[in-house]
Amino acid sequence: MLKLLPTTVAALLLAALPAAGQETPAPEMFSEVIDVRVVNVEAVVTDRDGNRIQGLDAADFALLVDGEPVPINHFTEVDAGIARADAEGDAGDGGASALPSLAAGEPVPTSYLVFIDEYFAIRRDRDRVLKALERDLERLGAHDRVALVAFDGQNVSQLTDWTASRGALRDAFDEARKRDALGIMRIVDIEPAVVEPALADRPSPALVRSRAGIRRAVSTLHLNKREREIQRSVLAATATLRSHADPPGRKVMLVLTDGWGAPRWNRDNFDSVDWRPPSIESIYGPLVHAANLVGYTLYPVDLPGLDPAFTNAPSGTSDPSATYTPSPSLGLEPNLSVLPTDLCTEWSQEASLGYLARETGGLPMINAFRDVALAEATADTRSYYWLGFEPPRNEDDTLHDIEVQLVGRPDLRVRSRRSYLDLSKSTEVTMMVEGSLLFGGVAGKETLTVEFGAPQPARGRKILLPMKVFIPLDDITLLPMGDLWMNEVELRVTVINESGDRSETPVETVRISGPAEPEPGQHWWYTTELVLRKREHRIVVAVHDPVSGTILSANETVGPR
């Protein structure tokens with residue numbers, strides 16, 4: 001949808017330009033890069049029967065990153081929502097202190113972020129779960145807070161900010177139930193292409209490989225569309241989480257969705273030796289990595305819940321363990337040859353929600369648990385061990401495995417988040433820019449000025465749109481290098497159309513240089529061309545100065561003419 005052509009002109013303007021348009025209020029995630037100095041790992045310890053184990057010290061734990069032991073810098077046990085009295089100072093654990101935000105003997109608040117994916121939700125199922133969440137507000141502690149956010153496929157709407165007011169939350173839940181649910185459109189649009197027939201009904205692989213390219217192209221088109229739609233919702237959830245990165249205490253995110261299935265690989269691609277099926281991590285990884293980085297635990301909620309068609313149980317059963325006999329364990333690829341088509345779809349959704357929960361230390365609220373999602377989440381986050389370590393920051397986008405072990409206690413089980421991403425500033429800026437499309441704001445300071453030229457026809461139903469970006473030198477840092485004052489900034493452009501389809505975000509390095517230190521009011525301008533379809537688009541342009549860390553942005557809308 002978007003192609004950024006090579007730069008054509010760049011020059012230093014001596015005259016000041018008009019200031020950018022009126023600033024648009026934006027969430028905190030777009031004001032600065034998130035700086036994570038301590039990775040928090042909340043560990044739930046149980047015996048083989050699932051009973052919680054209390055009274056352990058830091059010396060009972062071993063923390064491994066990429067298989068190597070690392071010091072536990074901070075350690076606190078939270079018991080029934082209260083930090084243990086011996087959390088401060090040395091507890092015989094070799095010097096681990098309590099997490100700075102926790103006070104011994106004081107309640108530990110929990111912040112519950114509720115993300116409602118209206119894009120895939122069916123109204124009946126969504127409203128049932130929302131009513132259950134509202135009913136269970138009484139389970140919250142006196143210091144707990146809730147925020148509600150909804151995503152309609154294009155924009156993220158804040159229904160209420162963090163609040164402990166039951167009245168404000170009931171109003172927000174009531175507003176959420178009045179909003180549209182668009183899941184039926186997803187079903188009508190994608191069902192023929194996504195639901196696969198049982199293997200017994202399929203032709204042999206040899207016959208599949210010999211089929212005409214038309215069928216392959218159509219099948220791949222629908223498959224990719226499905227994945228793009230899921231990725232859109234995942235990006236919205238990721239942006240929502242990052243915009244609420246710093247509430248006090250324990251951080252929990254309830255993700256209410258339907259249709260977040262595991263990727264379906266296309267058997268028509270057997271003849272491509274370079275082709276690889278997409279993975280669950282490739283689609284849902286951004287949400288998991290963001291949650292682990294800022295310390296959220298995910299409790300994904302399966303809105304449709306238990307469907308009697310997928311079980312051996314009588315209709316109306318509320319027993320979540322009464323599942324269809326051949327159903328595989330979550331996270332394991334099933335033997336599709338023995339699974340009916342509908343059960344294959346059911347497994348797909350449960351596998352994706354299981355991945356989100358498992359990787360962040362949470363629990364998937366599937367089947368009958370959709371009706372007690374908040375009650376289960378509050379109970380699960382009342383008692384745990386809070387470990388913290390201070391990782392080296394290479395900022396190289398490397399994913400590191402985390403493993404919590406219990407020393408000399410093979411009879412006990414531990415559940416915790418499994419990784420953290422050493423996020424680079426460049427990747428984080430890209431995430432901020434892409435997220436700003438969904439929130440309607442911009443990343444950083446809205447001081448860029450963007451001018452568009454007359455569009456020119458291109459191949460197909462596309463246009464070439466000239467664009468000139470004016471960068472205020474007052475807001476970036478130029479350094480003396482030889483006879484020049486220079487800097488190399490990163491330019492990002494990303495667009496979204498009225499249907500919610502979002503482009504990739506190419507990064508272009510722009511070198512700015514001049515013979516003298518810039519005077520107040522000077523601008524550097526840069527021209528390029530965008531290749532767009534003949535539709536209305538919202539465009540976010542951002543400039544990142546790696547020297548100062550400053551982000552400058554502009555948010556514009558262009559029409560089809």
Side-chain angles (χ1 to χ4, degrees), residues 2 4-33 35 425-426 428-430 432-437 439-455 464-495 505-530 537-558:
L2 169 67
L4 191 64
L5 297 184
T7 178
T8 56
V9 181
L12 184 66
L13 295 185
L14 298 180
L17 290 171
Q22 183 177 0
E23 292 190 6
T24 302
E28 290 183 1
M29 72 166 286
F30 306 124
S31 62
E32 59 183 16
V33 173
D35 185 15
K425 289 293 190 295
S426 179
E428 188 158 11
V429 171
T430 297
M432 294 165 63
V433 172
E434 293 177 343
S436 69
L437 283 175
F439 278 95
V442 293
K445 301 169 63 177
E446 194 174 0
T447 58
L448 289 183
T449 300
V450 178
E451 293 181 358
F452 297 100
L464 287 177
L465 183 64
M467 182 180 71
K468 184 179 291 187
V469 181
F470 298 92
I471 304 172
L473 300 185
D474 290 343
D475 293 329
I476 65 173
T477 302
L478 298 185
L479 300 176
M481 300 183 66
D483 297 332
L484 298 175
W485 288 75
M486 300 178 58
N487 194 353
E488 289 188 347
V489 299
E490 298 173 347
L491 174 71
R492 290 170 173 80
V493 181
T494 189
V495 304
T505 307
V507 180
E508 184 80 11
T509 299
V510 178
R511 173 173 291 186
I512 300 175
S513 63
E517 184 176 5
E519 298 177 1
Q522 285 186 303
H523 288 69
W524 180 272
W525 58 273
Y526 172 94
T527 64
T528 187
E529 288 181 319
L530 308 179
H537 295 84
R538 183 149 51 91
I539 300 177
V540 172
V541 183
V543 169
H544 174 227
D545 175 9
V547 175
S548 64
T550 301
I551 302 171
L552 312 177
S553 297
N555 184 10
E556 302 287 347
T557 299
V558 296

key: Thr528 and Val493, any side-chain heavy atoms less than 4.5 Å apart   = no
Main-chain N/O of Val489 paired with Asp545 side-chain donor or acceptor, under 3.5 Å = no
task = Taking the side chain as every heavy atom from C-beta outward, state whether Trp524 and Val510 have any pair of such atoms under 4.5 Å apart.
result = yes
ask   = Run the side-chain contact (heavy atoms from CB on, under 4.5 Å) check on Glu517 and Leu478 step by step: do they pass?
value = CA-CA 7 Å; Glu517 184 176 5; Leu478 298 185; over 6 Å; no
query = Any side-chain heavy atom of Val541 sitting closer than 4.5 Å to one from Glu556?
reply = no
inquiry  = Between Asn487 (side chain only) and Thr477 (backbone N and O only), is there a donor and an acceptor less than 3.5 Å apart?
reply    = yes
inquiry  = Assess the residue pair Leu465 and His537 against the criterion (side-chain contact (heavy atoms from CB on, under 4.5 Å)); give the C-alpha distance rounded to whole Å, side-chain angles, the decisive distance to 0.1 Å, and a yes or no.
reply    = CA-CA 12 Å; Leu465 183 64; His537 295 84; over 6 Å; no
task = Report the C-alpha distance between Ile551 and Val543 in whole Å, list the side-chain angles of each, state the deciding distance to 0.1 Å, and finish with yes or no for side-chain contact (heavy atoms from CB on, under 4.5 Å).
result = CA-CA 6 Å; Ile551 302 171; Val543 169; over 6 Å; no
Approximate separation, where rounding is to 0.5 Å, of Lys468 NZ and Thr449 OG1 = 12.0 Å
ask   = Is there side-chain contact between Glu508 and Tyr526, with at least one heavy-atom pair below 4.5 Å?
value = yes
ask   = Asp475 side chain to Thr550 main-chain N or O, any donor-acceptor pair under 3.5 Å?
value = no
query = Are any non-hydrogen side-chain atoms of Ile539 and Leu530 less than 4.5 angstrom apart?
reply = yes
inquiry  = A side-chain contact here means heavy atoms from C-beta on lying under 4.5 Å apart; do Ser553 and Glu446 qualify?
reply    = no
His523 NE2 to Ile471 CD1 distance, which is reported to the nearest 0.5 Å = 9.5 Å
